[in-house]
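Only heavy atoms go into these numbers, but all of them, side chains included; no hydrogens, no water, no symmetry mates. All values reported here derive from a predicted model rather than from experimental measurement. Each chain gets a letter, A, B and so on, in the order the sequences are listed, and its residues count up from 1.
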2 protein chains.
Amino acid sequence: MTKIDDVARLAGVSTATVSRALRGLPTVSQATRERVLEAAAQLGYIASPSASRLAGGKTRAVAVVVPRITPWFFSTVVEAAEERLHQAGYDLLLFNLGGSEHARQRLLYTSTLHRRVDALMLVATPLAGRDFAAVTRLGLPGVTVSAGTPVPGWPCVRIDDVAAARAATEHLLALGHRRIAHISGDSSDELAISTHIDRRRGFQERLRAYGIEPDPALDVEATFTIAGGRGATAELLRRGEPPTAIFAASDEMAMGAIATLREAGLRVPEDVSVIGVDDHDVSGVVGLTTVAQPAAAQGRLAAEALLGPLRGAGDGPASPSVVLPTRLVVRDSTAPPRAD
Amino acid sequence: MTKIDDVARLAGVSTATVSRALRGLPTVSQATRERVLEAAAQLGYIASPSASRLAGGKTRAVAVVVPRITPWFFSTVVEAAEERLHQAGYDLLLFNLGGSEHARQRLLYTSTLHRRVDALMLVATPLAGRDFAAVTRLGLPGVTVSAGTPVPGWPCVRIDDVAAARAATEHLLALGHRRIAHISGDSSDELAISTHIDRRRGFQERLRAYGIEPDPALDVEATFTIAGGRGATAELLRRGEPPTAIFAASDEMAMGAIATLREAGLRVPEDVSVIGVDDHDVSGVVGLTTVAQPAAAQGRLAAEALLGPLRGAGDGPASPSVVLPTRLVVRDSTAPPRAD
DNA sequence: CTGAAAGCGCTTACAG
DNA sequence: CTGAAAGCGCTTACAG
């Protein structure tokens, strides 16, 4: 492997100059720079990242943490962030929590992240009280996406979950529904993420605005997946008279709900209306009514929010938080309740 | 930041011994190891990865390259690989080609991968003639998943694409279809991946076994996405009399086909049958007939295939290739052709 | 089983 | 604008 000394020798300069020239620092004369570039090209020289990192103190890598990889929202955020990050010359280390508390602990309380990256992107990652200290101790710039838990001093890129839930619920209420169920994420314990809490809040808020007291029997918690939506809907049907409409906190949950309703002999939307949140790629195929959120934009903006402080050597001010707009997309899974 | 010298001083040993004790090397006495462990714990010491990498020559990181992140197959492979890799203590650097030749070139012909990882996982990554030299020059153990292009000396984890296509086509033929269209990936140029070629081959093979000569007008190329399936189907309808059945090379393409057929006023399966490959999470919701392939298992096994050579210091023999089984899953999107 | 010393391959003040 | 030298924080023969 050719090293910096080889290039220095061939170009007839010091290694310090090679280092400067190759990194594009301004304090190198045009002539010298050209000589170095040519020597490097001729030898096929590429600096060792490990050596650069050790000497320079920067890893040029960012850790992206997601609760799952496959769901539409997360994979879309990662895809968008990946593009922006690589374009800016940063490596992307991917960490999946997979819903396992063990993985979460490993990430926060072992050497997993220690000096491995220059910045952190936490996507819908739940943090309990003591976890903030662990995150802060890393001393890195960071950003949260789709507020798992807001980290003090970090910007957050997200949608207004309360408003999104309000829009979905309002759509069902305006159609005439009064017996509306909600399928959402777990918002009971310390690790609940604000997304779940906010979507439930928006739902209940609209209900109360119509003089309806939220019925605990019509509120089921599940994971943000098709399987979660299936299970929650089965539970709902088990509890007695089905609702006339279901507001699911994600499109994947909504699709699971539709599948289970149909298997139970109920028609959508004739017997039960279903609305989700996301505007998943397949929602158009399924004809699912939903509140669309811009996932790719969130990934892109989150990466962008990191690049500022990263370029500013970690000292610059944190980027501002941003709240992106959502939009009701009416398709075929919602309709007025049956007249009977 | 505490460094190895601090630990050595506190434990009353040399840094060499600290290094050995912390990494669990056998050549350290029990008593010494305990003293070192305690000192390290007391100081909250974690070795600098950059320093370890430079001194040790190993990065303990693996690069995973995918053509896209969001599609079901790729996100599922990545999720499974991530779990296995992190469990084994390796970082996962994610690279998305995104269908861009520029990204592909950057990955292969710049410093992107150089000395950054100890191994490579190429998922459905197309390689042209000269690219093999670029990959080989990295001198790393590797594995391909879902054969983009087989790399000499690397194991490949995949399904039998010819057999999967045969099973799908046979299902349609057995139902009585004779006018069957195929929507597949681009298999025309040098960068075509074997998946596309093999699925088309299995399709044509079965057709010919029934005495049917494949009709170019019923063969459309597209990307492996819902949008791709939509576009291809629109093109198919534009070309004249619709087929009575469509074999799409992926479930996402199949879903796009279904959406476009319905928008054109055609019923599925009454007017047109549609079958895919994958068994995507939502295929059950949509009622899509498909040839199921185990995506998570492929990701897991590919990671496993890397861990062998990785532990063997990169010299051990390559892991064996593996071909996983597929399975026809009949749902509601396929039926006999109309009698008329 | 343990230590002194060299080495991994860069970058960064410092001096000029 | 450029160079000599120290330093980044580990691991690895080598010797004992």
Side chain of B/T15, heavy atoms from C-beta onward: which of D/dT11, C/dA4, D/dG9 has the nearest atom to it?
D/dT11
Please determine, for the side chain of B/T32, which listed nucleotide (C/dG9, C/dG3, C/dT2) has the closest atom?
C/dT2
Quick one: do B/E79 and A/N96 satisfy side-chain contact (heavy atoms from CB on, under 4.5 Å)? Show the steps, please.
CA-CA 7 Å; B/E79 186 163 279; A/N96 178 26; 3.6 Å; yes
How many whole angstroms separate atom [atom1] of [X] from atom [atom2] of [N]?
| X | N | atom1 | atom2 | result |
| --- | --- | --- | --- | --- |
| A/L54 | C/dC10 | CG | C1' | 8 Å |
| A/K58 | C/dC10 | NZ | P | 18 Å |
| A/R53 | C/dT12 | CZ | P | 15 Å |
| B/L22 | D/dG9 | CG | P | 16 Å |
| A/R9 | D/dA4 | CZ | P | 13 Å |
| A/L43 | C/dG9 | CG | P | 15 Å |
| A/L25 | C/dT12 | CG | P | 8 Å |
| B/I4 | D/dT12 | CD1 | P | 11 Å |

Within less than 4.0 Å of OP1 or OP2 of [N], is there a side-chain N or O belonging to [X]?
| X | N | value |
| --- | --- | --- |
| B/S52 | D/dT11 | yes |
| B/T17 | C/dG3 | yes |
| B/T27 | C/dC1 | no |
| A/S29 | D/dT2 | yes |
| A/R23 | C/dT11 | yes |

Show your working on side-chain contact (heavy atoms from CB on, under 4.5 Å) between A/V78 and B/L94 and close with a plain yes or no.
CA-CA 10 Å; A/V78 170; B/L94 183 63; 3.8 Å; yes
Judged by nearest nucleotide, the residue sitting upstream toward the 5' end of DNA chain C, B/S14 or B/G56, is B/S14
State the pairing partner of D/dG3; accept Watson-Crick or G-U wobble contacts with both distances under 3.5 Å, and report none otherwise.
C/dC14
Check B/E38 with B/R35, please: is the shortest side-chain N to carboxylate O separation under 4.0 Å?
no
Short N-O contact, B/D91 and B/K58, less than 4.0 angstrom
no
Reckon A/A16 touches a base, only the sugar-phosphate, or nothing at all at heavy-atom distances under 4.0 Å?
base
How would you label the contact of A/P49 with the nucleic acid (heavy atoms, under 4.0 Å): base, sugar-phosphate, or nothing?
nothing
Pair of N/O donor and acceptor under 3.5 Å linking C/dG3 base with B/R20 side chain:
yes
Between B/T195 and B/S146, is there a donor-acceptor pair closer than 3.5 Å when you use the side chain of the first and the backbone of the second?
yes
